[in-house]
Amino acid sequence: MREMQKLNNFLRSIPLHAVIIGMCLVWLLPTVGLLVTSFRPVQDVNETGWWMILAPPQGSREYRQFCGSCHGDDGRAIEAVNLADPEVISQYRRSMYLAATFNKEFGGQIHIEKDQRPSDQEIADILAYLRRLSGLEKRPRLWLSNYIDALAGFRGRPGETYTEECAKGNIIPGERSCNFFKDMTTAPAAMGRAFINSLLVTIPATILPILFAAFAAYAFSWMDFHGRQVLFAILVGLQVVPLQMTLIPIYRIYTSLGLNGTFLGVWLFHTGFGLPYAIYLLRSFIGALPRDLFESAYLDGASLWTAFFRLAIPLSLPAIASLGIFQFLWVWNDLLVALVFLGGTTPVLTYQISSLVSRFGTGWHLLTAAAFLSMAIPMIVFLALQRYFVRGLLAGAVKG
Amino acid sequence: MNKGDTPAVMKQGNFIPWAFVLPALLILFAYVAYPTVNTFILSFQNADSTRSAAAACQPGQPCWGILENYRYALTSDVMLTAFRNNLLWLIVMVGGTVSLGLLFAVLVERVRYESVAKALIFLPMAISFVGAGVIWKFVYAYPVNPGDPSEPIIGLLNAVVVGLGGKPVAWLTEAPWVNNLALIVVGIWIWTGFCMTILSASLKGIPVEILEAARVDGASEWQVFWRIMVPMILPTITVVTTTMVINVLKIFDIVYVMTGGNYSTDVIANRMYMEMYQHQDWGRSSAIAVILILAIIPVMIYNVRRFREQEATR
């Protein structure tokens, strides 16, 4: 009886699981596609969808159907014609050469009877498979070359890779020196230097607003001064001023001060835009600390600095952590500010990717690798510190 | 905490509080307050802010005088397209994210892998719009030579369409409905996790006794959802909705990366950037920014009021 009920409950919950898992799959698959593609050789990316990654290589089915029975699955069954020998296969540079052998007679028997021959497309697939089988074309299923190309800002014809071109000694002055570390940090399209720039922009632009906000939030919570409530209400309102509303004036000021394209300019801009939310979040946290705590500390002779640095700051570390994550991700993922104030002279990751996207003919293998490079750190931050992230989100959007 | 409540021992005089607040206030003034006012002024001036906007008027053409930039921003074809698209974004994306987020939040409570499932839905929030743009551009990939049947299909969505017996669709260039909706789907993919997280936390705040009592009295799950859950978390639903409205009004990166605003997918924020950067027209660009903030201000007033209410009950 209980078994029946269990089964019944299970059957009734199937639609529920189907909806949840289905939605999770829809959310996950696009990212998986990007990740898989970023590790696939460019020829594979253009020949088959990423979901075919586990499928047998191109042409293997056709090979088994037409050749496998005599030549064997490894191509070595007929000793006189070893299909696993690259020298044998290299004679067939085109599929028509391969097709020509079908007419020939071997040991008094025609190679393949006319009505059993593969179609042109199938012959091409078989040849592609033979090139792989013989090792003539050494292309692994997954490789890191896309990442090397993306980091070094490699631009070449389809099918070329940074490693191969440099092995051949193809140096392009000003773009490719073939010293990987040099290219990574200087090549115009290099993701390497964009990564470094992103770090250089993001770290100070995360610390500065939190620093200023901590002082202000403390004053708004535990100090008495004229206009406190009004100032704070204005601050809360400033949170919704869109970035677009300030770009032009700041851009003009920066032009006259020579701050365009500098890190300082972007740090300060992000600080300005991070402050309202930062002050707001920290105030709701510091303001919620018990008052007795501060009162008794002061009665025990603590100074303002002690109360601030030894009480308020350590106790609000969880809030500072969520704030830090938010600001970090916001700045790291920002495109608009980077476009306007940094542009191509000091490209950050988002800028570099967006210009890769709009440049005609950038292959998916490069784009996906570049995109994943930019997503790796946010994903690690999110997965490691998810708790603080969610907490900050709730504090910002629900409490106030 | 009300003004005047500060204990006597914590009084810091007049100087120190300002020393704490002033650095932040100065930066806020320089980077948010002053530029906002300045942008208002620039919106009444011509492209390089040397003369009144009326200077750009051509004889015989319609002219709004000093409001000439607003004539462009409110009546030109490109802007009307942007308004239409932003409206579509507002309806579909806010509706989509809030309802999907709510649906998922309600359903996921009932399974044991709740935290993993939630993390998966939330993950897109961590990555950039640019990254999401690349991810989805790949999902939407369309054959380079659509006429060539031997060209392999590498875009996931078109593979599904073809697998179901259809023809590949040019998701990003098929104007105006297919491509705009395709872009909005990316927005929904990114923001549903945000709505889900907040709504889920709010749902958990509903006392279990109330739900149990309703179920004991014979209420169906459907009734429990509509008659108890939704009314009880209605304030949160409102908050999430207004936040999403602001987010959608400011949407820029997705459009910039995926279509560049071409094929009639332009939105207000992208128009503003284009006028500023490509056409170097400070006047028009500022006018568009002003329209953007005017759309946001009602929400801002609502936010401040909500803050006041909360202060009052604290």
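Just so it is clear: chains get the letters A, B, ... in the order the sequence lines come, proteins before strands, and each one is counted from 1.
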**Q** Heavy-atom cut-off 4.5 Å, strictly under: side chain, backbone, both or neither for A/T48 against chain B?
**A**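 A/T48 touches chain B through backbone heavy atoms alone.
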**Q** Chain B heavy atoms under 4.5 Å from A/Y251: which part of the residue, side chain, backbone, both or neither?
**A**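 Answer is side chain: those atoms of A/Y251 sit under 4.5 Å from chain B.
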**Q** Does any backbone or side-chain atom of A/F308 lie under 4.5 Å from a heavy atom of chain B? Answer side chain, backbone, both or neither.
**A**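 Only the side chain of A/F308 comes within 4.5 Å of chain B.
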**Q** What part of B/L123 is in contact with chain A, defined as an atom under 4.5 angstrom from a non-hydrogen atom: side chain, backbone, both or neither?
**A**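 For B/L123, heavy atoms of backbone and side chain both lie under 4.5 Å from chain A.
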**Q** Assert yes or no for the condition that the ring centre distance of A/H17 to B/Y113 is strictly below 6.0 Å.
**A** yes
**Q** Could you check which of B/M125, B/K118, B/K137, B/R110 has the highest count of heavy-atom pairs closer than 4.5 Å to chain A?
**A**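 Going by pairs under 4.5 Å, I would pick B/K137.
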**Q** Under the side chain to side chain contact (heavy atoms under 4.5 Å, CB included) test against B/Y31, which residue among A/L238, A/I250, A/V241 passes?
**A**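 Going through the options one by one, the only one that passes is A/I250.
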**Q** Heavy-atom distance under 4.5 Å to chain B: side chain of A/L231, backbone, both or neither?
**A**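 The side chain, not the backbone.
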**Q** Within a reach of under 6.0 Å around CE of A/M52, are more than 12 heavy atoms found that belong to other residues, nucleotides or ligands?
**A**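 Counting neighbours around CE of A/M52, 12 or fewer heavy atoms of other residues, nucleotides or ligands fall under 6.0 Å, so no.
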**Q** Could you have a look at A/P30, A/A370, A/A213 and say which one has the most heavy-atom pairs with chain B under 4.5 angstrom?
**A** A/P30
**Q** At a heavy-atom separation under 4.5 Å, does A/I253 approach chain B through its side chain, its backbone, both, or neither?
**A** side chain
**Q** Given a strict heavy-atom distance threshold of 4.5 Å, which part of A/S13 is in contact with chain B: side chain, backbone, both, or neither?
**A** neither
**Q** Between B/V116, B/L28, B/L25, who has the most heavy-atom pairs with chain A when the cutoff is under 4.5 Å?
**A** B/L28
**Q** Going by the side chain to side chain contact (heavy atoms under 4.5 Å, CB included) test, name the single residue among B/L120, B/I135, B/V139 that passes it with A/T31.
**A** B/I135
**Q** Where on A/V19 is there a heavy atom nearer than 4.5 Å to chain B: the side chain, the backbone, both, or neither?
**A** side chain
**Q** What part of A/I234 is in contact with chain B, defined as an atom under 4.5 angstrom from a non-hydrogen atom: side chain, backbone, both or neither?
**A**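 Nothing of A/I234, per the 4.5 Å heavy-atom cut-off to chain B.
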**Q** Which bit of A/A371 is near chain B, if near means a heavy-atom gap under 4.5 Å: side chain, backbone, both or neither?
**A** side chain
**Q** Report yes if the side chains of B/F104 and A/C24 come closer than 4.5 Å at any heavy-atom pair, otherwise no.
**A** yes
**Q** Can a side-chain donor-acceptor contact be found between B/S49 and A/R252 if the only test is distance below 3.5 angstrom?
**A** yes
**Q** Before we go on, tell me: are the rings of A/F220 and B/F20 under 6.0 Å apart, centre to centre?
**A** no
**Q** Under a 4.5 Å heavy-atom cut-off, does chain B meet the side chain of A/I279, its backbone, both or neither?
**A**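 For A/I279, side-chain heavy atoms alone lie under 4.5 Å from chain B.
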**Q** Tell me, side chain or backbone of A/I325 under 4.5 Å from chain B's heavy atoms, or both, or neither?
**A** neither
**Q** Where on A/L329 is there a heavy atom nearer than 4.5 Å to chain B: the side chain, the backbone, both, or neither?
**A** side chain
**Q** For each of A/T246, A/I248, A/L34, tally heavy-atom pairs with chain B at distances under 4.5 Å, and name the one with the top tally.
**A** A/I248
